[in-house]
Every structure is written in C-alpha cells, then in structure tokens.
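Quick caveat, the model's predicted, so the values are computed rather than measured.
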Amino acid sequence: MTTNQVTLKGVYPILATPFTETGEVDEQSLRELVRFQLAAKVDGIALFGNASEMYTLLERERELIAGIVVDEAKGRVPLVFGSGHTGLEGAVQLSKWAQKAGADALMVLPPYMVKPDGKRMIEYFGAIAKAVDVPIMLQDAPIASGVSIPVPAMSKLAKEYENIAYVKVEAPPTTVKITEVIEQSEGRLAVFGGLNGMYYYEELCRGAVGTMPACEFPDVCVQIYQSFVSGEKDAARALFYRYLPFIRIGTIAGFAMAVHKEVLKAGGVIRSAYVRNPNAPIDDILRKEAFETLKGLDPLVLNWKR
C-alpha cells in the first residue's frame, strides 16, 4: 500500500519534549519549539524519537503532543512519527494511530527488549508495512536500542514492501553502513544520518539524503545541507567542522537530552530543561563545557529571545 507518498530529504530534527519543572508536558514551550524549527526552514520535523524521550511518554501525552505539533505545523512540512515498540502488536497499533494522528511517514525501531532473530525482525517490520500506507523508515540505532538491523534484512524488506523506503543509519561507523545500504538495496532505500549529526558532512558525501539530529541547531544543519546540495562543499564542510565540538557534546550518554534542553532554554525557546528519569540533568561543569563549544558561534537558538 503506497497511497500517501511523500519524499523525505534534508533536515528533519527530532523534536525534544519540553516539560515543566514538575515534569508535565509544557504545551506553550512545545508550540514555541515547533515555531523555532519552522523559522530555521527545516525540511520536516520528527517526533517521538529517542531525543524526544519517547520511552518516558504516556499514551495520553503522545496524543497531546501529536495534536499540538500537527496544529502548529499546519501541513507546511512533513511530520515523521517514531512508532517502534517492544513487540509486534504494539508497533502495529502505534503505527496505525500515528498515521491517523497526522504522520506523513513513520520511523520504526526494531523490538528492543527481547532481541529479535532475523525471522522475527522481518515479520515485525513486514506487519507494520502492511498495516499502514505511509512511507516507513527503518531506524538502525544499536547504541540506543541494542539491536542492529543487518543490511541484507533492510534490502529484503525494501524489496518485499514498497512503503519501506528509508533507513536512518545510527550504527557506527555510520558512513560505512550508509554506503552498504545504498549499494545493497540497489537504490530502493534512501538514507538519513543520525547520531546527532556526528558524521553529517561525510554522510552527505556518501549519498545520504538528509539528517535527523537533535533540535537545538536546525538552522546550522539546514545551512550545511543547502551549501552541500548547491555544490558549495567547501562551505558545507567548514561550517560542519566549526560546529562539530558542539554536536559532539550533545551525544554524551545519559546527559545528551539535558544538554539539548539547556541550550534551548538558554535561547528562550523552552522554559525548562527538565528531563525525565532515566535521563540525568547536567551539572554546572557540564553546562559550562557545553556552552564553551558555542563560543564564537552564532546559532539561531541563542538569538531566539525577542
């Protein structure tokens, strides 16, 4: 089934979930966060990814967030919903809900509690592909999920299901795997990079069609992408390397979500940097280290307060 096809390419930041200081979803901050992405001229927005703290969200919160984001985006950019689950039935139900709630495409993690064998993995993604008629992006994020999707399995799924059309490669070394996916899938799978854009420039050089980083530096990612596709590769590379220390500090295990949110808070995009357990808030030393990487740089986030 492929009745609702959109073509995904460019910069699709993973939307953080802003919380109040008491841990509730902060609707006002979420609306401002979407406006911030649109002002940065992103190509699309992804929600319910790992950087959304999706694994901490309640069902009613997912519904609230989806409604707010759809309302603020107003169809101006495609929306990609994460709909992976620990089991097949849950993933199918979540994927059907996401399509109804306004998802233009789905980003799907493999089951990540009990690690699936090859047969179970094919059955899981196949069941989702048959249940929806929007494009599906396989999310290969073994650092976060503990499960790596083998390239032959990706290729088999792309051959058997027309709407399995994308992969988000987050398995290091991402560059090498991107080349393998493009070659082995014979062009059926378009590739996005992840890992907060750690290898963004090199991924573009290897044929990635875009990136899905965290959401506090969308303007920088857009500028790199636009420079690259317009043939100004030197400018794209130079900008990427200028921001690489900042990008890198946004990948620190256990504290990455707090780093993203501290920067968004500093710029007045969101009101609180609260993160939910099991994520940890950052201390003053890590906060200082994070902001030192931005010295001499001028991202939109630090100029957002009006």
Enquirer: Taking side-chain hydrogen bond (donor to acceptor under 3.5 Å, both in side chains) as the cut-off, I'd like each qualifying pair that reaches into residues 67-80, sequence neighbours left out, listed once.
Expert: R31-D71, R31-E72, R35-E72
Enquirer: Could you tell me the separation between the CZ atom of F217 and the CG atom of L297, rounded to the nearest 0.5 Å?
Expert: 12.0 Å
Enquirer: So which pairs with a foot in residues 86-98 pass side-chain hydrogen bond (donor to acceptor under 3.5 Å, both in side chains), sequence neighbours left out?
Expert: S83-S95
Enquirer: Which residue pairs pass the side-chain hydrogen bond (donor to acceptor under 3.5 Å, both in side chains) test when at least one of the two sits in residues 110-126, sequence neighbours left out?
Expert: D117-R120, K119-E123
Enquirer: Among all residues two or more places apart in sequence or in another chain, which pass the salt bridge (Lys or Arg N to Asp or Glu O under 4.0 Å) test with E59?
Expert: none
Enquirer: Can you tell me how far apart CG (N196) and CG (N50) are? Round to the nearest 0.5 Å.
Expert: 11.5 Å
Enquirer: Among residues at least two apart in sequence or on other chains, which ones pass side-chain hydrogen bond (donor to acceptor under 3.5 Å, both in side chains) with R287?
Expert: E262, D284
Enquirer: Can you tell me which residue pairs pass the side-chain hydrogen bond (donor to acceptor under 3.5 Å, both in side chains) test with a partner in residues 241-250, sequence neighbours excluded?
Expert: E202-Y241
Enquirer: Rounded at 0.5 Å granularity, tell me how far OH in Y225 sits from OH in Y201.
Expert: 14.5 Å
Enquirer: How close do G250 and H260 get, counting heavy atoms only, and between which atoms?
Expert: O-CE1, 3.0 Å
Enquirer: So which heavy atom on L264 is nearest to which on A16, and how close?
Expert: CD1-CB, 4.4 Å
Enquirer: If you round to the nearest 0.5 Å, how far is CD1 of I149 from CE of M154?
Expert: 5.0 Å
Enquirer: Give every residue pair that meets the ring pair (Phe, Tyr, Trp, His ring centres under 6.0 Å) criterion with at least one member in residues 22-65, sequence neighbours excluded.
Expert: F36-W304, F48-F81
Enquirer: Among residues at least two apart in sequence or on other chains, which ones pass side-chain hydrogen bond (donor to acceptor under 3.5 Å, both in side chains) with E61?
Expert: R276
Enquirer: Which pairs with one or both residues in residues 186-199 pass salt bridge (charged side-chain N to carboxylate O under 4.0 Å, His left out), sequence neighbours excluded?
Expert: E186-R188
Enquirer: If hydrophobic clusters are built by linking Ile, Leu, Val, Met, Phe, Trp and Tyr wherever their side-chain heavy atoms come under 4.5 Å apart, do F291 and L286 end up in the same one?
Expert: no
Enquirer: Compute whether any side-chain donor of one residue and acceptor of the other, for D133 and N163, lie under 3.5 angstrom apart.
Expert: no
Enquirer: What pairs meet the ring pair (Phe, Tyr, Trp, His ring centres under 6.0 Å) rule with one or both residues in residues 7-31, with sequence neighbours excluded?
Expert: Y12-F192
Enquirer: For the atom pair CD1 (I247) and CD (E216), what is the distance rounded to the nearest 0.5 Å?
Expert: 9.5 Å
Enquirer: Using the side-chain hydrogen bond (donor to acceptor under 3.5 Å, both in side chains) criterion, which residues pair with R271? Sequence neighbours excluded.
Expert: D26, Q28
Enquirer: Side chains of E203 and T174: do they bring a donor and an acceptor to under 3.5 Å?
Expert: yes
Enquirer: Atom CG of L47 and atom CG of L15: how far apart are they, to the nearest 0.5 Å?
Expert: 6.5 Å
Enquirer: Can we say K261 and E53 salt-bridge, meaning some charged N sits less than 4.0 Å from an Asp/Glu carboxylate O?
Expert: yes
Enquirer: Please report the closest heavy-atom contact between D104 and P135, naming both atoms and the distance.
Expert: O-CD, 3.3 Å
Enquirer: Which residues satisfy the side-chain hydrogen bond (donor to acceptor under 3.5 Å, both in side chains) test with T56, sequence neighbours excluded?
Expert: none
Enquirer: Mind running salt bridge (charged side-chain N to carboxylate O under 4.0 Å, His left out) on D140 and K168 for me, showing each step along the way?
Expert: CA-CA 6 Å; D140 183 40; K168 182 183 182 188; over 6 Å; no
